[in-house]
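Structure first, then comments.
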Amino acid sequence: MLPYTDEAYQLMHDGAIALARVESNGIRIDTEYLRKTTHRLRRRITHLQNKIQTSEVVERWKRKFKGKFTLGSTDQLGEILFGDMGFECTERTATGAYRTSEECLSRINHPFVKDYLKIKKMSKTLNTYLLGIRREVVNGFMHPFFNLHLVKTFRSSSDSFNFQNIPVRDPETGQMIRQAFIARPGRRIVEADYSGIEVSIAACYHQDPMMMKYLSDKTKDMHRDMAMECFKLSLEELTPADKSDPDEVKRAKTIRYCGKNMFVFPEFYGDWYIDCARSLWNAISSMDLKTRDGRSLYVHLREQGINELGDLNPKEKPRKGTMERHIQKVEQDFWTKRFPIYDHWKKTWVKAYRSIGYMLTKTGFICQGWLKRNEIFNYPVQGAAFHCLLRSLIHLQRKLKKYKMKSLIIGQIHDSLVSDVPDEELDDFLGLSREVMVDDLKDDWDWINVPIEIEAEVTPVDGNWFQKEEMKIG
DNA sequence: GCCATCGGCGCG
DNA sequence: AAAGCGCGCCGATGGC
């Protein structure tokens, strides 16, 4: 993929300059917090490492590998657990080795495995994040690196330290890391995100009427609807009756999350029912999914006639009464009944690419060369979605300067802007963000004929990144 | 000591 | 017919 129109070239040019400014601004780091936390985490890891030394598994390990116990060797771990100790291996890697991912190991009920997983998680946090940040801090600031020329779709990337994969989904890890990122004195960290930008941009290409309805009608919720279908739940089950009950809100949110990230997005990216069925089924135990009255979704599904996952064998027709069969049906409905125009667009788009040998994206990039089917319909969406964000970054930075504001853009994560904003500028900044990210964008790019929305999260004055909370933009 | 690959895992 | 898009970083491993 390459910039093709003058406008696309200009976007890359202005984008590179704008990102250089973001890098130069930098992010304030709480170095004292970082030092203490690193120390504490190191001690916790050492403690657990000492604890497992007496385990029968380590004894076996040393006997098998000439007295050497290399905790980080996934090959050796697989040989011991699945090869020697007889635990059931549910999945192999690409090269045929026993897979030892958290997903696979969590099925094993053994104290060593539990400690092993804890050590792995803490080591990742320590080595990749805490020490990674430490390495980059100069005079209390970290200056991230953003690349604009490395990604196949002309998205951006970030490296050494990667600012675009900081933990957030697991609150415990997220807190430990994000507390290190702090606002400058008298300021707040503000994060402004596009909501569902890739879904919206995809709709600009395919124009599916049902998708248009989902995007324009705020009472509709595609992810919730698909979660309902996947788990055979009623609307009431996913609508917390008592919104002040945090457990009930969290329960509904978790199930919706599964519909979104284990069915809808995978399907959009070109996945199929076999993998969706597997992850949805596993999520019931790993994420402890329950009905409103506290019954496991396994029990609920059994009442609905679904007793097991199924064989997941692509060569055979899924059997009745399996999750596999159910999700196959949900997938069929999804593409033939719910989004037939989207489905049709994918087919014709792929066909056209293969026949003429190139494609042009909405933002003026040309894409050529041998691509797999899924890449053909994903690249133009991913690229153009990011270009919306990049355009916003450039123009927000210009307007901040024009109005002599002190707010600084300090980072960018594919569909979001991270800024450092003086308390007294907060309202102006949020208004300006909306103006640039939504109104100006739609004025400039008339191919965007779907609703675009942003959300903002804001920390307290002098707060840290973990303290961000949603704020209405008014 | 450098480099590439693999498995694993963090993010959008 | 094929069967999840895009990244970067870590440790282990093996070749040079």
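These numbers come from a predicted model, not from an experiment. Throughout, a chain's letter reflects where its sequence line sits, starting with A, and its residues are numbered from 1.
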When we call it a touch if two heavy atoms are under 4.0 Å apart, what does [X] touch: a base, just sugar-phosphate, or nothing?
| X | value |
| --- | --- |
| A:Phe265 | nothing |
| A:Glu267 | nothing |
| A:Asn378 | sugar-phosphate |
| A:Thr100 | sugar-phosphate |
| A:Val381 | nothing |
| A:Pro266 | base |
| A:Arg169 | base |
| A:Arg135 | sugar-phosphate |
| A:Glu375 | sugar-phosphate |

Item checked: Dot-bracket notation for DNA chain C, counting Watson-Crick and G-U pairs under 3.5 Å, with | for partners on another strand -> ....||||||||||||
Notebook entry, point to check: In chain order, what residues pass the side-chain hydrogen bond (donor to acceptor under 3.5 Å, both in side chains) check against A:Gln328, with sequence neighbours excluded?
Noted result: none
Margin query: Expected output is a numbered-order residue list: members of residues 154-162 of chain A with a heavy atom under 4.0 Å from any atom of DNA chain C. What is it?
Written below: A:Arg155, A:Ser157, A:Ser158, A:Asp159, A:Ser160, A:Asn162
Next item on the list: Check each residue of residues 102-123 of chain A for a non-hydrogen atom within less than 4.0 Å of any atom in DNA chain C, then write out the ones that pass by number, or none.
Entry: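 Within residues 102-123 of chain A, no residue comes under 4.0 Å of DNA chain C.
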Compare all side-chain heavy atoms of [X] with those of [Y] and state whether any distance is below 4.5 angstrom.
| X | Y | value |
| --- | --- | --- |
| A:Arg134 | A:Thr38 | no |
| A:Leu371 | A:Tyr379 | yes |
| A:Lys51 | A:Asp115 | yes |
| A:Glu59 | A:Arg63 | yes |
| A:Tyr194 | A:Ser200 | no |

Margin query: Taking the nucleotide of DNA chain C with the nearest heavy atom to each, does A:Asn165 or A:Trp272 sit closer to the 5' end?
Written below: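 The residue mapped nearer the 5' terminus is A:Trp272.
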Notebook entry, point to check: 5'-most contact on DNA chain C: A:Gly132 or A:Asp75, nearest heavy atom basis?
Noted result: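 Counting from the 5' end, the first nearest nucleotide belongs to A:Gly132.
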Parallel under 30°, tilted from 30 to 60°, perpendicular over 60°: which one fits the rings of [X] and [Y]?
| X | Y | value |
| --- | --- | --- |
| A:Trp465 | A:Phe163 | parallel |
| A:Tyr342 | A:Trp345 | tilted |
| A:Phe365 | A:His387 | parallel |

Margin query: Quick check for you: name the first and last nucleotides of DNA chain C, 5' to 3', having an atom under 4.0 Å from a heavy atom of chain A.
Written below: C:dA3 to C:dT13
Residues [X] and [Y] bridged, charged N to O under 4.0 Å:
| X | Y | answer |
| --- | --- | --- |
| A:Asp420 | A:Arg28 | no |
| A:Asp275 | A:Arg278 | yes |
| A:Arg99 | A:Glu88 | no |
| A:Asp14 | A:Arg391 | no |
| A:Glu102 | A:Lys121 | no |

Next item on the list: Would you mind telling me which of A:Tyr205, A:Phe263, A:Phe334 makes a ring-ring contact (aromatic ring centres under 6.0 Å, His included) with A:Phe268?
Entry: A:Phe334
Margin query: Reading DNA chain B from 5' to 3', where do the contacts with chain A start and stop? Cut-off is 4.0 Å to heavy atoms.
Written below: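 The footprint of chain A covers B:dC6 to B:dG12.
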Notebook entry, point to check: A:Glu229 and salt bridge (Lys or Arg N to Asp or Glu O under 4.0 Å): which partner among A:Arg338, A:Lys329, A:Lys337?
Noted result: A:Arg338
